[in-house]
Amino acid sequence: MFEEGKKLIEEAKTIYITAHINPDGDAIGSTYAMYFALKKLNKDVHVIMPAYSDIFEFLPSISICEKSIDCDKYDLLIGMDSSDYSRIAVSKEEYDKARKVLMIDHHQKSNPYGDVRYIYPDISSTSELVYDIISYLNIPIDNVMASYMYMGIMTDTGSFNYSNTSAKTHMVVADLINKGADSTNICKMLNDTIKEAKLFLLKKTIENMEVYFDSKVRYSYVDYDTINSLGLDEEDAEGMTNYLRMVKGTWVAIYVRGKKDGSFKVSMRSSGQVDLSKIAIMFNGGGHPRAAGYTITGDLEVAKNKLLNAIEAVIK
Ligand code: 5GP
Ligand code: MN
């Protein structure tokens, strides 16, 4: 099943792995699990990780990552959890220098890249897919690898709540816990710990909430100055959308935040009635049916109305 990828890995002496910008738990989990697995094969392996939230700082050896490397000096680039090469943390110029590229992803809609592509939209997370690949390669799983894969699967399934969680997902997770995944601590640090500034961001998000279409759609916007004055980094200003979606009767939740460069990041969550990946693609973004996003570069009000119209057309 992973024979071609196995060949690519076997033939490479030097490998670098990267994930999508604004990396979430799955992007980080899949990348580091693969990093530690390839180290066991005695590969010269490196991670290039874009700026990540400091909520992940507690993870073992997370700081080994580099900001950039000379891509032409390495035999293989692995792109993790990124539906498009433009979303990975290497520039187009560097990407073009890559000798061989292996794409590992689980997004429904993608713009496939690379010499070998493993894209499995029915698998919960890239981390679960990495588990399958590592198992295929017969690489023993230690507690650190298990922790990273557990973290990726847990975050991408909303703690095993979302419909992408299969019986097999649970079997994989059971195996990871058997192999020493630090599950209790990971859940405490990621699900049960919040910075005070983020609590104030939540307050702002709720204050600014607008409700549309018989309360099926909840929208909120927080501007960059507010985020900045709370002392929150870009990566820390995320995670508000779920709170809006949790209100009973909500089909779609939208959280928009202002960015330093004057653009706006749109983050959407659905309860299943609306396929948000289709909506996001209309605005040059992407994602999953229940979690998708895109960036607005023009006027926010105009873009907001376009988005609400697109959603209205689907829910009516
Ligand atoms: P989030 O709301 O957490 O930022 O993103 C949810 C999902 O949508 C993620 O799986 C992510 O891959 C996807 N996504 C978010 N923003 C973008 C974007 O600008 N472009 C693409 N292609 N996907 C995005
Ligand atoms: Mn993912």
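Just follow the structure's listing: the first ligand is 1, and inside any ligand the first atom is 1. Note: hydrogens, waters and symmetry copies are ignored here, and every other heavy atom, side chains too, is used.
Between T250 and R245 the shortest heavy-atom distance is CB-O, 3.8 Å. Between R290 and S163, the shortest heavy-atom distance links the atoms NE-OG, 3.3 Å. F56 approaches D24 most closely through the heavy-atom pair CZ-C, 4.0 Å.
The residues K168 and D132 are annotated as salt-bridged, a charged nitrogen and a carboxylate oxygen being separated by less than 4.0 angstrom. Classification of K13 and D75 as a salt-bridged pair fails, no side-chain N sitting under 4.0 Å from a carboxylate O.
Side-chain contact between V252 and V314 is absent, with no heavy-atom pair separated by less than 4.5 Å.
Protein heavy atom nearest atom 2 (O) of ligand 1, with residue, atom name and distance: S267 OG, 2.5 Å. For atom 17 (C) of ligand 1, the nearest protein heavy atom (residue, atom name, distance) is G293 O, 3.3 Å. Ranking the protein heavy atoms by distance from atom 7 (C) of ligand 1 puts A291 O, 3.4 Å first. Residue, atom and distance of the protein heavy atom nearest to atom 19 (O) of ligand 1 are Y294 CA, 3.5 Å. Scanning the protein heavy atoms around atom 18 (C) of ligand 1, the nearest turns out to be R87 NH1, 3.3 Å. Summary of contacts: the protein heavy atom closest to atom 8 (O) of ligand 1 is A292 CA, 3.2 Å. Closest to atom 4 (O) of ligand 1 among all protein heavy atoms lies K265 NZ, 3.4 Å.
Distance check: D115 CG to K100 NZ gives 4.5 Å after rounding to the nearest 0.5 Å.
Contacts between H20 and ligand 1, counted as non-hydrogen atom pairs separated by less than 4.0 Å, are absent for every part of the residue.
The distance criterion of under 3.5 Å between nitrogen or oxygen atoms is met by R269 with respect to ligand 1. Considering both main-chain and side-chain atoms, T295 never comes within under 3.5 Å of ligand 1 through any nitrogen or oxygen pair.
Near H107, with a cut-off below 4.0 Å to any heavy atom, the atoms of ligand 1 are 10 (O), 12 (O). Shown in contact with E238 at under 4.0 Å from a heavy atom are these atoms of ligand 1, numbered in order with element: 4 (O). Within ligand 1, counting atoms from 1 as listed, the ones closer than 4.0 Å to a heavy atom of H288 are 10 (O).
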Run I153 and F160 through side-chain contact (heavy atoms from CB on, under 4.5 Å) and show every step you take. CA-CA 8 Å; I153 298 170; F160 320 106; 3.9 Å; yes
Test log, rule side-chain contact (heavy atoms from CB on, under 4.5 Å), inputs I279 and M268: CA-CA 10 Å; I279 303 270; M268 302 187 286; 4.2 Å; yes
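In this structure, a donor-acceptor pair under 3.5 Å is absent between the side chains of S267 and E238. If you check the side chains of D156 and S127, you find no donor sitting under 3.5 Å from an acceptor.
Two rings, from Y162 and H288, have their centers 6.0 Å or more apart.
Here the shortest heavy-atom distance to atom 14 (N) of ligand 1, taken over G286, S86, G285, belongs to G286.
Neighbouring protein atoms of the Mn ion (ligand 2) (N, O or S, distance under 2.8 Å, waters ignored): D26 OD2, D81 OD1, H106 NE2, D156 OD2.
Figure legend: cation-pi geometry between K304 and Y219, with NZ or CZ positioned under 6.0 Å from the six-membered ring centre and within 45° of its axis.
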